[in-house]
**Q** 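Below you'll find the structure I mean.
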Amino acid sequence: MKRLQLQRWSSSVLSPRARTGGRLQQHLYYNLRRQSTVSPAPQAENEPLFEEQSLNSSTHIPQSSHFKYLLPSPPVEAARESAKLAALHARLYLPSRLPLETLARSLVDASADSNPNFNNEALATLGNDLLSHYTSEHLVCTYPRLPLTVIFAAMYAYVGPKSLAAMAKEWGVEMAAVPGGEVDPGLLQFKRVLPGTDVNAGPVTGTERPNEHRKSWRKSMTSRVVYDNEYGDPVGVSGESATPESQNTQGVTAEHANATFVRAVMGAIYLHAGRPAAKRFFEQHFLSRHLNISDLFNFSQPARDLSRLCARENFEPPVAKIISETGRKSRHPVFVVGIFSGQDKLGEGAGASLLEARSRAAVAALKGWYLYSPLNVRVPSSMEEEGAAPWKPVHVDLGEVIV
Amino acid sequence: MRCQARTTTHVTGCLDEPPNGNHETFLKVAEVRNSCHTTAMRPSLRLLNLEVSSLQGSRTLYVCSVCRQEARPRPLVARQFLRNASNATPITERVRRKIWGTDNPPGLKDPYGGEGVLERKFKKDQPARQEEEPENLAQTSEQTQVENEAELASAEAYEPATTWEGLQRVGHLGRWSDLPPSEADAYESFMLKKKVTKKGQLSLAAHQAAVEVSLMHSLNKPLSKVCDVVEHDKSVFKMLWKCKIQPGEWKQAVVYPSKEAEKALVYIFEQIGGQPESAVAEETAEEVEEAVDESKWEDLVAEVNDSNVPFFGYADVRDKGFLSLSLSDPATKFAFLKRFSQLSGHYLPDPVVHSVATVGQVVEYVQSVLNPKPKKLADYLANSQGLQNLPNVKVFTKKQKPMDRDEELGRKKVIEAELRSRGLIDQKCKRYQH
């Protein structure tokens, strides 16, 4: 597989595009504002981080403090002077090819600076796609039999906005009170929601789901794969893909801004340092977080599910047997029940009553089935590496039993 | 006279009649007087007392009547301790003999530290006066006669001047600036007028001084004589510059660039500080060379006068071997430091002179003086290269106030706008102050 020239991509993403129109205020400073990461293409592999200073000095604009107040977000040159930004760069152990200017840009939310050349929207979009891609392929290849609901929940736990916001907090990213040109570029800048605003006020509209207005209709799990986002939540125009104008007036929540920042960092790493670095960053910061997937299950009728599963997989029908018991006549009896399919014991559970023990045993059997994980897992994205071994199709199960 | 000074006020009271019905004060004053007199009459002090009063008799200090009585200079003969002045043994000795009961009492002959002031004076004056007096009288009478005659003569020749012309001029009458400068007026400083500040030139000075001192060492000549030649000729300086220094003994320290240079340098330095016989003998042989040198020298002088650059424009030394030369020998150290300060214009204080052990330390010290540490910590930190290279450290030259923190977080403009809208700050005021 041929490697793509990411540096050229990044130049197209980062270069200031011709702008058709805008508000007067933006026009005032638009001609003066430049992205210093315009031409990262000639950068060598091991070039030091501060190589671009010469490039900066050539495009340096003498600025008064008054000029800074006019900008909606810190000027690009300020990134080199911020100690916070350099500390964040070092703390995250980001590749040296990711310049401080891009890191500063990933800290500017679209609600703070609506100019797409200076906010992190594009980076966040790329980063979000990368994160969902890497997480989903990891989940599906590692646990090929997981039910879809568990996959959704695990996705949300790995790369959901709450987790990303928590990560940004752990990284020590502080938030600016109000965005502006004079603000330290090492602070996360976004326009805050006014206090008292109900964030989840109205129903989500604008999804492409048919019969959207029918609130009482059941939404099948399978349909969520098609119509909803990677967490199984409905996504509409009023949600994430709202117009910048509405965001500019309303502001965004801190959680949303933090999540967008983390996604933008992911996208920035992918653009500047390439896929291997992005993947390494993902493994180090996202997959390294412990998530106990067996806790995400929620069975209502495990015994029935198990019997259906055995019927589907052509096993002998499951039979529950008492393995041991103690204190049947006492106040606290304990029964240990095993579920057998023919000679094979599928699961075992202990409970205070026979029924409880049986359902626990069924849950254990079901978890044992669903949480199967093959050895030596390979994900499809590993084929993108240089000199990867030929791909052997991974086993992906039929999925959950549908009762 | 302590007693006088202290009790003057009281004693004024006691001299007059005590005021009626004020007996208590009178008694007190009397007590004071008694006490002062008892202290004054200690025998050891008495001598002093008397002596001082006799010396200062002309002074018109107020003395109370009793004190005056005591303090009045009395005829010396009347004094008790001089009663038997003709005796060989002084009174102290006699008292001792009486106390011990023997003619040879143990201990010092005079436990009171020798003769008293007056005794000594009396002893000295008495015989001298007796001898001198007749001669003195004769002499003084002669002198007075001569003086009188001279005075009379001058009085006859004296003619009062009507104008200042022709009068003998004594001194310069405040117009010394009009006088032409004499030889003593010209001052030529030993050291350079302008201190050398560049690092390379300091090294050059140290190198030259080291080479010259070690040359003098090897020639066994007085080391400090190198200072006689303030500035060498350019060709000589170039040879000195080319010389390398081998760390170790001063005598074998110089490594000459070539044989010719060695010969020339040895010849030149033989001449410094008095010519020994060998140099004189060879003088005739070298005369021709000297002539050539002189012609060169003239050219070079012109050049030097044009540029007037220290060290003929040389920027730095060729090798750093001289830095590790030891200055443990005091004579060498003195000669080196003298020559170094002459060449560089830097004076080294005594504690530094005492503490330096190598040539390198001398150069280091002068450089540290030239580049002193900044006094403010902020300046020091802002200038430190190590901190400037750290991207995650930012040094502010000003103290960061809460206002700066507000600006950094971006809420300053909001606060300002809010204050302005409520009329709490002036519209013209650009920034709010904490």
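Atoms considered below: every heavy atom in the structure, side chains included; atoms not considered: hydrogens, waters and symmetry mates. In what follows, chains are A, B, ... by sequence order, proteins preceding strands, each numbered from 1.
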**Q** Determine whether more than 12 heavy atoms belonging to other residues, nucleotides or ligands lie under 6.0 Å from atom CD of B:Gln388.
**A**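 Above 12, so yes.
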
**Q** Should we count OH of A:Tyr93 as having more than 12 external heavy atoms under 6.0 Å?
**A**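 Result for OH/A:Tyr93: open.
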
**Q** Side chain, backbone, both or neither: which part of B:Val414 has a heavy atom under 4.5 Å from chain A?
**A**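 Side chain only.
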
**Q** To the nearest 0.5 Å, how far apart are CG in B:Asp406 and CD in A:Glu182?
**A**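 Answer rounded to 0.5 Å: 10.5 Å.
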
**Q** Flag the pair B:Glu408 and A:Lys84 as a salt bridge only when some basic side-chain nitrogen lies within less than 4.0 angstrom of an acidic carboxylate oxygen.
**A**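 Yes, B:Glu408 and A:Lys84 are salt-bridged.
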
**Q** Quick check on side-chain contact (heavy atoms from CB on, under 4.5 Å): which of A:Leu187, A:Val183, A:Asp184 does B:Leu409 satisfy it with?
**A**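 Exactly one pass, corresponding to A:Leu187.
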
**Q** Against chain B, work out which of A:Gly180, A:Ala87, A:Ala83 has the most heavy-atom pairs shorter than 4.5 Å and name it.
**A**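 Most heavy-atom pairs under 4.5 Å with chain B: A:Ala83.
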
**Q** Once rounded to the nearest 0.5 Å, what's the spacing between atom NZ of B:Lys394 and atom CD of A:Glu81?
**A**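 Answer for the NZ-CD pair, B:Lys394 versus A:Glu81, is 6.5 Å.
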
**Q** Using a cut-off of under 4.5 Å on heavy-atom pairs, state which of A:Leu88, A:Val178, A:Leu85 scores highest against chain B.
**A**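 Maximum pair count with chain B is reached by A:Val178.
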
**Q** Under 3.5 Å, is there a donor-acceptor pair linking the side chains of A:Tyr69 and B:Glu407?
**A**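 Their side chains do contain a donor-acceptor pair, which is all the 3.5 Å distance test asks for.
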
